[in-house]
Trainee: 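Before I ask anything, here is the structure I am working with.
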Amino acid sequence: LFSYNTMIAGLMRYGDVDGAKQVFHEMRVRDVVSWNTMIVGYVHNSMIDEALCLFHQMPVRNTISWNTILSGLLHFRSFDVAECFFREMPAKDIASWTIMISGLMSQGQVSEARELFEEMPEKDIRVWNTLIAGYVENERIEMAESLFVKMPQKDSNSWNELIDGLVGTHRLNDAVRFFSEMVQRNPRSWNSILLGLARNRLVKQAHAFFEKNPFKDIISWTNMIVGYFELGESEPALELFEMAPDRDETLWNATIFRLGENDRGEEGLKLFIKMRAEGMNPDHATFTSVMNICSMLPSLDFGKQAHGQVIKVGLDCFVAVCNAVITMYSRCGSIHAAYMVFSHMASRDTISWNSVICGFSHHGNGMESLKLFKQMRLRDVKPD
RNA sequence: AUCUGUCUGUAUUCUGCG
């Protein structure tokens with residue numbers, strides 16, 4: 001039982017939902033953990049319907065089952081549905097409240113979240129951290145600070161969240177001050193400081209921290225590289241890129257994109273080719289960057305070729321990728337190709353509409369733009 | 001590492017400021 005459950009969890013984490021399902025069905029006995037593991041897996045793979053289906057089928061449910069569904073509803077359904085569910089839960093623990101508070105916070109309902117927090121029968125350090133993170137998310141850093149002072153115990157997450165908030169509001173001196181006072185600095189603490197400095201044009205200071213950082217990881221490298229690029233210092237950025245002990249997709253993507261931003265689009269495309277040669281799998285962010293470069297150069301040939309690859313690897317299910325493809329075609333002079341992509345998209349967001357509308361108007365076709373704008377308002381898309 | 005809650009790096013449209 002234990003090893004079956006472990007297998008399911010592993011497969012789900014890897015994204016192999018079908019494999020997990022198969023193992024689950026092969027099991028002769030299942031416990032509540034098996035069921036929960038499946039539900040969690042479905043939620044993590046954005047399959048809320050399947051999660052709900054299993055939830056209703058399972059013979060015994062515990063608080064973890066309920067909490068998992070609650071969190072799934074918040075992420076993939078409306079807040080109101082989740083709230084009903086929360087009210088109807090037979091038993092709630094601290095995690096249930098925490099999930100709701102986090103949901104309210106991400107909706108911007110800061111005072112409602114606070115009320116719920118005050119109503120809680122008991123609290124732990126994680127719900128305090130959740131509240132702090134919520135204030136930070138909603139740019140209420142002064143509230144985060146006062147909570148931080150008030151909370152009965154703090155862990156490194158509490159410190160890190162506060163530091164993130166200070167960084168996010170550009171209070172770098174305060175961020176560094178808290179960082180220095182911190183006892184349990186972990187990789188994330190260092191990276192938050194690096195991010196704060198490097199992305200606010202203080203790359204030199206960031207570099208000093210980078211050198212001192214005992215936990216230099218790939219995120220640290222990425223922060224430094226992007227920081228240099230943002231100052232227009234491509235050379236040190238590229239040197240760091242070459243020196244980095246590991247390169248993951250994000251680092252490749254960041255470097256490719258930033259080369260484009262620094263008017264070195266051809267080199268960006270070369271790097272994209274190298275990325276594939278080195279066996280990395282370009283992802284949706286890679287292709288949005290590549291398309292962006294092709295739009296700027298412009299290079300219809302490369303763009304077309306990359307579009308072919310997008311389709312081949314199935315990344316055209318990402319709205320952002322298709323949006324970038326639309327812009328690529330339209331800036332490369334093929335407004336019709338752009339429109340074809342737009343009209344074949346399974347789902348569109350505001351940016352899709354904006355991209356194709358702007359495309360037509362840049363081509364001097366104001367009539368078509370207006371027509372699309374009218375259509376847009378007939379759909380349930382809000383113009384911005 | 002058998003199951004739930006907070007947490008760091010990259011990307012797509014337009015506009016404005018630089």
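Bear in mind the structure is a predicted one, so any value in this text is a computation, not a measurement.
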Trainee: Distance check, rounded to the nearest 0.5 Å: A/His336 atom NE2 versus A/His363 atom NE2?
Mentor: 8.5 Å
Trainee: Treating a pair as Watson-Crick (purine N1 to pyrimidine N3 plus N6-O4 or O6-N4) or G-U wobble (N1-O2 and O6-N3) with both distances under 3.5 Å, list the stems of 3 or more consecutive pairs that involve RNA chain B.
Mentor: none
Trainee: When the distance from CG of A/Leu194 to P of B/U8 is rounded to whole Å, what number comes out?
Mentor: 15 Å
Trainee: Would you be so kind as to tabulate the donor-acceptor pairs closer than 3.5 Å made by side chains of residues 300-307 of chain A, with sequence neighbours excluded?
Mentor:
unit_1: A/His307; atom_1: ND1; unit_2: A/Tyr329; atom_2: OH; d: 2.8

Trainee: Pair up each side-chain donor or acceptor in residues 166-174 of chain A with any protein partner under 3.5 Å, not counting sequence neighbours, and list the distances.
Mentor:
unit_1: A/Thr169; atom_1: OG1; unit_2: A/Gly165; atom_2: O; d: 2.9
unit_1: A/Thr169; atom_1: OG1; unit_2: A/Leu166; atom_2: O; d: 3.2
unit_1: A/His170; atom_1: ND1; unit_2: A/Asn200; atom_2: OD1; d: 2.8
unit_1: A/Arg171; atom_1: NE; unit_2: A/Asp174; atom_2: OD2; d: 2.9
unit_1: A/Arg171; atom_1: NH1; unit_2: A/Glu145; atom_2: OE2; d: 2.9
unit_1: A/Arg171; atom_1: NH2; unit_2: A/Glu145; atom_2: OE1; d: 3.4
unit_1: A/Arg171; atom_1: NH2; unit_2: A/Glu145; atom_2: OE2; d: 3.2
unit_1: A/Arg171; atom_1: NH2; unit_2: A/Asp174; atom_2: OD2; d: 3.0
unit_1: A/Asp174; atom_1: OD1; unit_2: A/Arg177; atom_2: NH1; d: 2.7

Trainee: Rounded to the Å, how far apart are A/Met12 CE and B/C3 P?
Mentor: 13 Å
Trainee: Is there any salt bridge (charged side-chain N to carboxylate O under 4.0 Å, His left out) pair reaching into residues 188-199 of chain A, and which pairs are they, with sequence neighbours excluded?
Mentor: A/Asp164-A/Arg188, A/Arg199-A/Glu230
Trainee: Go through the structure and list residues passing ring pair (Phe, Tyr, Trp, His ring centres under 6.0 Å) with A/Phe229, not counting sequence neighbours.
Mentor: none
Trainee: Tell me which residues in residues 39-60 of chain A put a heavy atom below 4.0 Å from RNA chain B, sorted by number, or none.
Mentor: A/Val40
Trainee: Between P on B/U6 and CD on A/Glu161, what's the gap in Å once rounded to a whole number?
Mentor: 10 Å
Trainee: Using a heavy-atom cut-off of 4.0 Å across all strands, would you classify A/Asp31 as base, sugar-phosphate, or nothing?
Mentor: nothing
Trainee: How many whole angstroms separate atom CZ of A/Phe148 from atom C1' of B/U6?
Mentor: 15 Å
Trainee: Checking all strands, does A/Asn186 fall into the base, sugar-phosphate, or nothing category for heavy-atom contacts under 4.0 angstrom?
Mentor: nothing
Trainee: Would A/Lys21 pass as a cation-pi partner of A/Phe24, given that its NZ or CZ must be under 6.0 Å from the six-membered ring centre and within 45 degrees of the axis?
Mentor: no
Trainee: Apply salt bridge (charged side-chain N to carboxylate O under 4.0 Å, His left out) to A/Asp49 and list each qualifying residue two or more places apart in sequence or on a separate chain.
Mentor: A/Arg77
Trainee: Is it the case that more than 12 heavy atoms not belonging to A/Phe215 sit under 6.0 Å from its CZ atom?
Mentor: yes
Trainee: Name the nucleic acid region contacted by A/Ile94, choosing base, sugar-phosphate or nothing; use a 4.0 angstrom heavy-atom cut-off, strictly under.
Mentor: base
Trainee: Do nucleotides 10-18 of chain B as a string where each nucleotide becomes B, S or -: B if the base has a protein heavy atom under 4.0 Å, S if just the sugar-phosphate does, - if no protein is that close.
Mentor: BBBBS----
Trainee: Contact class for A/Ser71 (heavy atom, under 4.0 Å): base, sugar-phosphate, or nothing?
Mentor: nothing
Trainee: Which residues satisfy the side-chain hydrogen bond (donor to acceptor under 3.5 Å, both in side chains) test with A/Asp283, sequence neighbours excluded?
Mentor: A/Asn253, A/Thr286
Trainee: Report the distance from atom CZ of A/Phe178 to atom P of B/U8, rounded to the nearest whole Å.
Mentor: 19 Å
Trainee: Starting at CD1 of A/Ile219 and ending at C1' of B/G9, how long is that distance when rounded to a whole Å?
Mentor: 5 Å
Trainee: With sequence neighbours excluded, what pairs up with A/Phe241 under the ring pair (Phe, Tyr, Trp, His ring centres under 6.0 Å) test?
Mentor: A/Trp252
Trainee: Rounding to an integer number of Å, can you tell me how far A/Arg114 CZ sits from B/U6 P?
Mentor: 19 Å
Trainee: Could you state the CD1-P distance from A/Ile193 to B/C7, rounded to the nearest angstrom?
Mentor: 19 Å
Trainee: Checking A/Glu118 now: which residues fulfil salt bridge (charged side-chain N to carboxylate O under 4.0 Å, His left out) with it, not counting sequence neighbours?
Mentor: A/Arg114
Trainee: Please determine whether any donor N or O and acceptor N or O are separated by less than 3.5 Å between the side chain of A/Asp248 and the base of B/G9.
Mentor: yes
Trainee: For A/Glu235, give me all partners under side-chain hydrogen bond (donor to acceptor under 3.5 Å, both in side chains), at least two apart in sequence or on another chain.
Mentor: A/Arg264
